[in-house]
Amino acid sequence: MTAEDILRRALADAARAMGAPDDFQAQLERPRDPAHGDWASNVAMNLARVLKRKPLDIANDVVARLDVQQAGVREAYVAPPGFINFRMAAGAEAARLRDVIAAADTYGRSDDGKGEGVNVEFVSANPTGPLHVGHGRQAAIGDTVATLLEATGWKVTREFYYNDAGVQIANLALSVQARVRELHGETSPIPEGGYHGEYIRDIARDYANAHPDDAMAGNLDQVREFAVAALRREQDLDLQAFGVQFDVYYLESSLYTEGKVDETVKLLVAAGHTFEKDGAMWLRTTDYGDDKDRVMRKSDGTYTYFLPDVAYHVSKWRRGFHRAINVQGADHHSTVTRVRAGLQALGMGIPEGYPEYELHQMVTVMRNREEMKISKRAGSYVTVRDLIDEVGRDAVRYFLLMRKPDSPLVFDIDVARSQSEENPVYYVQMAHARVCGIFRVGERDPAGVTGEGIDYTQLASDEERELVKALLGYPALVTAAARTRSPHLVTQYLLDTARLVHTWYHKHHVLGEAAELQEARLTLARAAMVVLRNGLALLGITAPERM
RNA sequence: GCGCCAGUAGCUCAGUUGGAUAGAGCAACAGCCUUCUAAGCUGUGGGUCGGGGGUUCGAUUCCCUCCUGGCGCACCA
């Protein structure tokens, strides 16, 4: 049990002894200002109302009841308006660096999820072109959320949903057809809603070579299959370059071929939430919070996109995922209510909040202080590949994760490619490399530094105490980031921790100090290495040992 | 018009279930390389947390309202 746990329990026990409710939870936090101690609690203020007493009096009573020597507390005192502050004994916190080092790669992991399954769906691009920056943001967020969940004890399935059955795919086929005909000197316009990127010409050329018998690309089914396969391959390469791997690729077309769409319609009709109007079949989504009812089968007999979406989520549920997270662009937020309404209408016992959505705002790419909108290959948008080629995978991932998903993101290529202090990803990696450098220069094997037999009171400076606190706070950070699905908390944490490492490194020398001090500092360096490495690993970013 | 998201330092953004004097990076200015990586460090200046109400011991955080910006409001996906 950590000092934090002991304190929390002691506070809650004292509070209950004074009349607090049985389920009372004591809050404990790291004060922003070190002058307020190493830990602080506001239990007295929270209890003031219930106990009908002044916070200061309560605080004093609580302190009088505490016996927290075992947690390493040197001093507990009260500060107005009723905070209880704790100061830890010298070396008491640093001694836990031993645990950090012992846990190594597993430091920060927990069993929050208790091994339960969760499906994380992201990217889910239509196979109609290379992945764009928005997909990149989604890939980075989705992959990292998945990793965070794995790190906190969930059994994660990464899933990619291919919309390979809609109107857009038909347009893709027609676009390729037009380019094939162009190869033979025909002027054949790209249809309305078609695709103009250079990659369409590549596919057309490949198709012509592969199917000389179909010179004018008259076999649209064949063209479509060819084009979809080509683009799926291309997207796979994009994802591979970005370091993202999926467990399941789910094809929208399979929902039709396996009869799941028809089945869903039947279930919805049977459940009594549908009606016919103007030759179309509607779902009464207003029963579930939508502002208007939605067409599910158009008057021409085809389905609107949201019906297969509902069928798809039924599939997730039936595959045993009682938790599903969809990472999508915020421009799709209107689907949230609809899909959930469809699932509710089925009356299958699927919870109201299923699936969860993690919606992210748009990405704009800047270069030379101007918005960059075109890519050579894709034409009308910047691709993930463009970015990776320009600034490298690590920087792309880090930059796309820096902001909380709710914020629009500005990707500044000039900053991302600069190898200087203004680039946060290098700043963090550099902190790791510097610490590694100590071991290299000192010809010490990091694995030999276990933290055993160390005099932790040696780590007494402000810089060391702050760094120790940051390193010890890592597991809580991972838990919080996973629970709130917030990768940006990790980038923020790494930046903060890297700063503490750099400051410490600059101010305190390790090699050549008196033996006890040197060993204590090596232990701190080793622990910092572990945390930076693990944190970067969560983001899918490398932790170089030298730069 | 309706819905969702945002509005915090010159710029880009954090701010954990409401806590103590609101933070970081960049930019600006002034310093630091015979010392484990200067891809680094130190210091300085910089704020009506969009406006106005409310809840409370306490609000950037919760509620209401208004303003501004982005996105979405199809028998498109």
Side-chain angles (χ1 to χ4, degrees), chain A residues 25 27 29-33 35-36 40-42 45-46 48-49 54-55 79-83 85 126 128 163 166-169 193 252 277-282 290-292 294-306 308-309 329-337 359-362 366 402-410 412 415 418-427 429-431 433-442 476-477 479-481 483-484 486 488-489 491-493 495-496 499 501-513 518 521-522 525 546-547:
Chain A
Q25 298 280 320
Q27 289 182 34
E29 62 180 15
R30 289 287 194 183
R32 197 169 305 165
D33 186 345
H36 294 134
S41 177
N42 60 356
M45 273 104 81
N46 290 337
R49 174 115 25 117
K54 289 181 183 162
F83 286 102
N85 296 336
N126 297 341
T128 55
N163 295 100
V167 180
Q168 290 165 8
I169 299 301
E252 181 188 7
K277 195 179 93 180
D278 304 332
M281 183 186 284
W282 300 62
D290 204 353
D291 54 352
K292 55 182 95 162
R294 305 291 170 177
V295 170
M296 45 189 258
R297 195 177 62 207
K298 297 184 256 181
S299 52
D300 68 2
T302 62
Y303 297 111
T304 56
Y305 76 95
F306 102 96
D309 248 17
D331 54 337
H332 286 80
H333 79 248
S334 59
T335 70
V336 176
T337 313
L359 302 181
H360 65 85
Q361 298 291 325
M362 302 293 107
M366 302 293 284
M402 262 194 312
R403 309 303 176 209
K404 66 178 173 195
D406 281 339
S407 288
L409 188 146
V410 177
D412 190 327
V415 173
S418 79
Q419 302 201 344
S420 75
E421 58 189 334
E422 64 182 320
N423 190 338
V425 64
Y426 282 107
Y427 186 84
Q429 289 181 317
M430 184 62 195
R434 273 187 145 173
V435 167
C436 290
I438 298 173
F439 289 91
R440 190 170 53 245
V441 172
L477 176 275
T479 306
R483 285 187 185 159
T484 59
S486 304
H488 73 281
L489 293 180
T491 61
Q492 192 80 20
Y493 171 86
L495 197 61
D496 289 343
R499 195 182 62 256
V501 168
H502 283 305
T503 301
W504 169 76
Y505 178 93
H506 185 261
K507 192 152 181 178
H508 304 284
H509 215 253
V510 178
L511 301 175
E513 297 291 329
Q518 170 178 298
R521 287 187 173 159
L522 275 173
R546 62 196 311 168
M547 295 175 73

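Quick note: numbers below take in every heavy atom, side chains included, and nothing from hydrogens, waters or symmetry partners.
- Contact annotation: Arg434(A) reaches the phosphate of A38(B) (side-chain N/O to OP1 or OP2, under 4.0 Å).
- His332(A) comes within 4.0 angstrom of a base, heavy atoms only.
- Looking at Thr304(A), its side chain has no donor and acceptor atom pair within 3.5 Å of the base of C75(B).
- At a threshold of 4.0 angstrom between heavy atoms, the contacts of His509(A) include nucleobase atoms, whether or not backbone atoms are also involved.
- Evaluation of the side-chain hydrogen bond (donor to acceptor under 3.5 Å, both in side chains) rule for Asn46(A) yields Asn42(A) as partners, not counting sequence neighbours.
- The residue among Met362(A) and Leu495(A) whose nearest nucleotide of RNA chain B is located toward the 5' end is Leu495(A).
- Side-chain nitrogen and oxygen atoms of Lys292(A) include at least one within less than 4.0 Å of the OP1 or OP2 phosphate oxygen of A74(B).
- Glycosidic conformation of C33(B) is syn; the angle stays within 90° of 0.
- The base of A77(B) is paired with the side chain of Tyr305(A) by a donor and an acceptor separated by under 3.5 Å.
- Among the atoms of the strands shown, base atoms are found under 4.0 Å from some heavy atom of Arg440(A).
- Remark: His502(A) pairs with Tyr427(A) by the ring-ring contact (aromatic ring centres under 6.0 Å, His included) rule, at least two apart or across chains.
- Counting to the nearest Å, the C1' atom of A38(B) and the OH atom of Tyr426(A) are 17 Å from each other.
- For the pair Thr484(A) and Asn85(A), nearest-nucleotide mapping onto RNA chain B gives the more 5' position to Thr484(A).
- Residues passing the salt bridge (Lys or Arg N to Asp or Glu O under 4.0 Å) test with Asp291(A) are Arg294(A), sequence neighbours excluded.
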Find every protein N or O atom lying less than 3.5 Å from an N or O atom of nucleotides 30-34 of chain B, and list the pairs.
none

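- Distance OH (Tyr493(A)) to C1' (A24(B)): 16 Å, rounded to an integer number of Å.
- Residue contacts for Ala481(A): at a heavy-atom cut-off of 4.0 Å it reaches no nucleic acid atom on any strand shown.
- Note on Gly437(A): only backbone sugar-phosphate atoms sit closer than 4.0 angstrom, heavy atoms only; bases stay farther off.
- Contact annotation: His488(A) side-chain N/O to G15(B) OP1/OP2 distance is under 4.0 Å.
- Among the atoms of the strands shown, none is found under 4.0 Å from any heavy atom of His360(A).
- Among the atoms of the strands shown, none is found under 4.0 Å from any heavy atom of Asp300(A).
- Residue-level contact check: Tyr505(A) touches the bases, meaning some heavy atom is under 4.0 Å from a base atom.
- Heavy atoms of Val410(A) sit under 4.0 angstrom from primed sugar atoms or phosphate atoms, though from no base atom.
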Distances under 3.5 Å between nitrogen or oxygen atoms of protein and nucleotides 55-62 of chain B:
from	atom 1	to	atom 2	distance (Å)
U56(B)	O3'	Arg49(A)	NH2	3.0

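- Here His333(A) pairs with nothing under the side-chain hydrogen bond (donor to acceptor under 3.5 Å, both in side chains) rule; sequence neighbours left out.
- Both stacking criteria are satisfied for Phe83(A) over the base of A20(B): a centre-to-centre distance under 5.5 angstrom and an angle between ring planes under 30 degrees.
- Remark: Gln168(A) pairs with Asn126(A) by the side-chain hydrogen bond (donor to acceptor under 3.5 Å, both in side chains) rule, at least two apart or across chains.
- The distance from atom CG of Asp496(A) to atom P of A22(B) is 18 Å, rounded to the nearest whole Å.
- The backbone N or O of Ala481(A) lies less than 3.5 Å from no partner atom in the side chain of Ser486(A), so there is not a single donor-acceptor pair.
- Listed by chain and number, the residues in a ring-ring contact (aromatic ring centres under 6.0 Å, His included) with Phe306(A) amount to none (sequence neighbours excluded).
- With hydrogens and angles ignored, no donor-acceptor pair closer than 3.5 Å exists between the side chain of Asp331(A) and the base of A77(B).
- Using a 4.0 Å cut-off, no side-chain N or O of Tyr427(A) falls inside it from OP1 or OP2 of U37(B).
- Every stem involving RNA chain B, taken as at least 3 paired positions in a row under the Watson-Crick or G-U wobble test at 3.5 Å, is listed here: B:1-7 with B:67-73, B:10-13 with B:23-26, B:28-32 with B:40-44, B:50-54 with B:62-66.
- Contacts of Leu489(A) with the nucleic acid, taken as non-hydrogen atoms under 4.0 Å apart, involve only primed sugar atoms and P, OP1 or OP2.
- Across all strands shown, Ala35(A) has no heavy atoms under 4.0 Å from either base or sugar-phosphate atoms.
- Residue Thr503(A) is classed as a sugar-phosphate contact, given heavy-atom separations below 4.0 Å to backbone atoms only.
- Side-chain contact between Leu495(A) and Gln492(A): absent, with no pair of heavy atoms (C-beta onward) separated by less than 4.5 Å.
- For the C1' atoms, the distance linking G18(B) with U55(B) amounts to 11 Å, nearest Å.
- Tyr305(A) pairs by the side-chain hydrogen bond (donor to acceptor under 3.5 Å, both in side chains) definition with Arg338(A), not counting sequence neighbours.
- Not counting sequence neighbours, the partners of Met547(A) by the side-chain contact (heavy atoms from CB on, under 4.5 Å) test are Tyr426(A), Gln429(A), Met430(A), Ala433(A), Pro544(A).
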Do any N or O atoms of the protein come closer than 3.5 Å to N or O atoms of nucleotides 2-10 of chain B, and which pairs are they?
from	atom 1	to	atom 2	distance (Å)
G3(B)	N2	His333(A)	NE2	2.9
C5(B)	O2'	Gln361(A)	NE2	3.4
C5(B)	O2'	Asp406(A)	O	2.9
A6(B)	OP1	Asp406(A)	OD2	3.4

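- A distance of about 49 Å separates the C1' atoms of G3(B) and G43(B), rounded to the whole Å.
- Listed nucleotides C36(B), A77(B), A39(B) differ in distance to Gln168(A); the shortest reach to its side chain belongs to A77(B).
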